[in-house]
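Remember, it's a predicted structure, so these values are computed and weren't measured experimentally. Convention: sequence-line order gives letters A, B, ...; per-chain numbering from 1.
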Number of protein chains: 2
Amino acid sequence: MVEQADVLRRTPLSRDRILRAAVALADGTGIESLSMRNLAQDLGVVPMALYKHVANKDELLDGMIDVVVGEIDPPVPDTGWKPTLRLRILAARRMLGRHPWAALAIESRNTATPGVLAYLDSMVGVLRAGGFSTDLAHHVMHAMGSRILGFSQELFDASRRAGRSGATGPEPAATFPPEAAGRFPHLAEIAGAASHDGGSVVAPGCDDQFEFEFALDLLLDGIERLHRQGWTSARHHRPDHVVGPG
Amino acid sequence: MVEQADVLRRTPLSRDRILRAAVALADGTGIESLSMRNLAQDLGVVPMALYKHVANKDELLDGMIDVVVGEIDPPVPDTGWKPTLRLRILAARRMLGRHPWAALAIESRNTATPGVLAYLDSMVGVLRAGGFSTDLAHHVMHAMGSRILGFSQELFDASRRAGRSGATGPEPAATFPPEAAGRFPHLAEIAGAASHDGGSVVAPGCDDQFEFEFALDLLLDGIERLHRQGWTSARHHRPDHVVGPG
DNA sequence: CATGGTGAGTGTACGGCGTACACCTGTCAA
DNA sequence: TTGACAGGTGTACGCCGTACACTCACCATG
């Protein structure tokens with residue numbers, strides 16, 4: 001025991017070890033309970049020791065983001081831009097499933113980390129290789145937005161809840177209490193409409209993965225259509241904002 | 001002077017007055033510097049006085065959200081679901097322009113506020129009135145996600161920056177420092193590609209409003225297509241996740 | 001071997017945060 | 001007149017990030 005703790009304490013701190021411990025801590029107890037003090041304690045070290053390896057908490061978060069973004073599977077060479085993008089976005093989504101805190105963390109930062117930039121750059125590369133003009137690729141990247149990193153972009157994302165990850169089972173309807181059904185009839189009507197009557201779905205709630213892929217494919221199909229039509233912003237962009245794929 | 005302060009102090013506190021002051025404070029100095037202490041000081045009152053009217057800071061934030069969501073123009077009756085949705089979403093976006101902190105605040109909360117639920121309910125109502133099945137309306141609401149509240153859904157939203165709102169002019173490229181251009185060639189190529197060569201655009205950066213409407217119309221057009229085709233999840237939802245609008 | 005610089009880890013402290021809890025005080029019904 | 005009560009106050013606790021001065025092991029150099 002003492003020996004093991006001793007070994008732990010003797011293992012030298014390093015930026016890498018700190019980042020890995022921070023990711024593990026955030027995975028386990030949620031990002032909101034990731035404090036420099038908790039992290040230091042996990043590492044068997046005094047809080048201020050961390051500051052020899054990371055500038056401050058913001059930089060720590062940036063590092064954590066790059067760690068998890070680096071986990072996203074690289075793009076697999078495929079027949080075209082569309083399946084390549086699709087598969088990689090689904091891979092990013094799997095990463096977010098492992099690190100539910102990452103979405104909010106990335107969105108809260110005001111500046112892009114190198115890892116995120118590298119990811120985005122490679123995604124643009126896929127588009128360009130698929131024959132997209134710089135113009136269209138630009139607008140497509142904006143239109144995809146955070147979805148290109150696998151974000152669900154739902155208003156109330158169950159997996160985003162800051163508390164303990166994993167086993168968020170008990171309350172699928174926590175965001176829509178039953179007593180509100182009367183005041184919001186359309187929502188109530190909609191809520192159970194994920195009847196999934198075609199499949200053997202067990203849960204009464206809706207299938208997150210299905211909703212994600214539905215939205216993703218809706219977007220990708222629209223993009224493909226624009227690409228085939230040779231869409232160009234020159235024909236649509238007007239100062240009075242009569243715009244759009246129309 | 002003393003008299004005015006006295007009048008201020010004499011004006012009884014109320015939940016409403018607190019919420020309005022909180023919104024004004026967040027608008028002015030950013031959500032991150034909205035503390036119970038600062039807010040109390042603005043109101044000429046001691047911090048703990050606030051707790052007679054709001055349960056805690058989370059409930060305060062919920063109240064603030066409902067205040068600003070209530071500012072969104074009501075839906076204007078129109079020829080159909082598409083322009084109605086479009087106009088109201090653009091109205092929501094204008095609200096977010098006035099209250100840049102609101103997007104992050106709404107996304108960070110894990111439970112829907114009554115105001116947000118009312119907004120969503122009315123949007124579902126528009127879809128249903130437009131002839132959407134409960135099934136399709138359900139999936140459409142998921143696919144729109146936070147965009148239905150006017151969220152840009154961009155990864156690095158300039159207006160989301162927590163600091164001072166307004167006059168964020170000086171650094172449009174803060175998220176993409178020029179020294180990174182070499183390491184991210186595709187991004188560099190894309191960055192300037194918002195050439196807008198068809199219009200009289202002044203700024204070299206891209207036009208947020210254009211990008212937003214581009215993405216919105218891409219989505220709405222796709223939805224319209226599904227609607228016309230009588231899309232139903234029964235034909236697409238399979239347990240093995242071969243899904244999508246295809 | 002002595003020495004002195006260097007850098008990792010430590011200890012203390014400060015100002016801020018949300019908020020529990022006991023307290024005062026002005027108002028108003030009985 | 002009184003006594004309950006609601007709204008505002010003061011103090012205090014335990015968190016937070018982190019500035020700053022420190023100890024001390026290590027190692028290149030004399």
Visitor: How would you list, by chain and number, every residue that makes a side-chain hydrogen bond (donor to acceptor under 3.5 Å, both in side chains) with A:E71, sequence neighbours excluded?
Guide: A:R98, A:H99

Visitor: Taking only residues two or more places apart in sequence, or in another chain, which ones meet A:H186 in a ring-ring contact (aromatic ring centres under 6.0 Å, His included)?
Guide: none

Visitor: Taking only side-chain nitrogens and oxygens of B:H53, does any of them come within less than 4.0 Å of OP1 or OP2 of D:dG8?
Guide: yes

Visitor: Report each atom pair, protein N/O against N/O of nucleotides 15-18 of chain D, whose distance is under 3.5 angstrom.
Guide:
| from | atom 1 | to | atom 2 | distance (Å) |
| --- | --- | --- | --- | --- |
| D:dC16 | OP1 | A:S35 | OG | 2.9 |
| D:dG17 | OP1 | A:M36 | N | 3.4 |
| D:dG17 | OP1 | A:K57 | NZ | 2.8 |
| D:dG17 | OP2 | A:M36 | N | 2.9 |
| D:dG17 | N7 | A:R37 | NH1 | 2.4 |
| D:dG17 | O6 | A:R37 | NH2 | 3.1 |
| D:dT18 | OP2 | A:Y51 | OH | 2.9 |
| D:dT18 | OP2 | A:K57 | N | 2.9 |

Visitor: List for me each residue that meets side-chain hydrogen bond (donor to acceptor under 3.5 Å, both in side chains) alongside A:S33, sequence neighbours excluded, and say none if there are none.
Guide: A:T29

Visitor: Taking side chain to side chain contact (heavy atoms under 4.5 Å, CB included) as the test, write out the residues that go with B:A22, two or more places apart.
Guide: B:L34, B:L39, B:L60, B:M64

Visitor: A:R94: which residues meet the salt bridge (Lys or Arg N to Asp or Glu O under 4.0 Å) condition with it, sequence neighbours left out?
Guide: A:D73

Visitor: Name all residues meeting the side-chain hydrogen bond (donor to acceptor under 3.5 Å, both in side chains) criterion together with A:R183; count only those two or more places apart in sequence or in a different chain, and write none if there are none.
Guide: none

Visitor: Taking the side chain as everything from C-beta on, heavy atoms only, tell me whether B:R15 gets closer than 4.5 Å to B:E59.
Guide: yes

Visitor: To the nearest angstrom, how far is A:L13 atom CG from C:dG7 atom C1'?
Guide: 13 Å

Visitor: Rounding to a whole Å, what distance do you find between B:L39:CG and C:dT19:C1'?
Guide: 14 Å

Visitor: Taking only residues two or more places apart in sequence, or in another chain, which ones meet B:L187 in a side chain to side chain contact (heavy atoms under 4.5 Å, CB included)?
Guide: A:L117, A:L120, A:D121, A:V124, B:F176, B:F184

Visitor: If we ignore angles and hydrogens, is there a donor and acceptor under 3.5 Å between the side chains of A:T113 and A:D66?
Guide: yes

Visitor: In a table with atom names and distances, give each donor-acceptor pair under 3.5 Å that connects a side chain of residues 43-55 of chain B to protein atoms at least two apart or in another chain.
Guide:
none

Visitor: Detail all sub-3.5 Å separations between protein N/O atoms and N/O atoms belonging to nucleotides 21-26 of chain D.
Guide:
none

Visitor: Which whole-number value in Å describes the distance from B:L43 CG to D:dT9 P?
Guide: 11 Å

Visitor: Starting from P on C:dA20, measure out to CG on B:L50 and report it in whole angstrom.
Guide: 13 Å

Visitor: When the distance from CD of A:Q41 to C1' of C:dG9 is rounded to whole Å, what number comes out?
Guide: 17 Å

Visitor: With sequence neighbours excluded, tell me which residues meet side-chain hydrogen bond (donor to acceptor under 3.5 Å, both in side chains) with B:R93.
Guide: B:Q209

Visitor: Enumerate all atom pairs, one protein N or O and one N or O from nucleotides 24-29 of chain C, separated by less than 3.5 Å.
Guide:
none

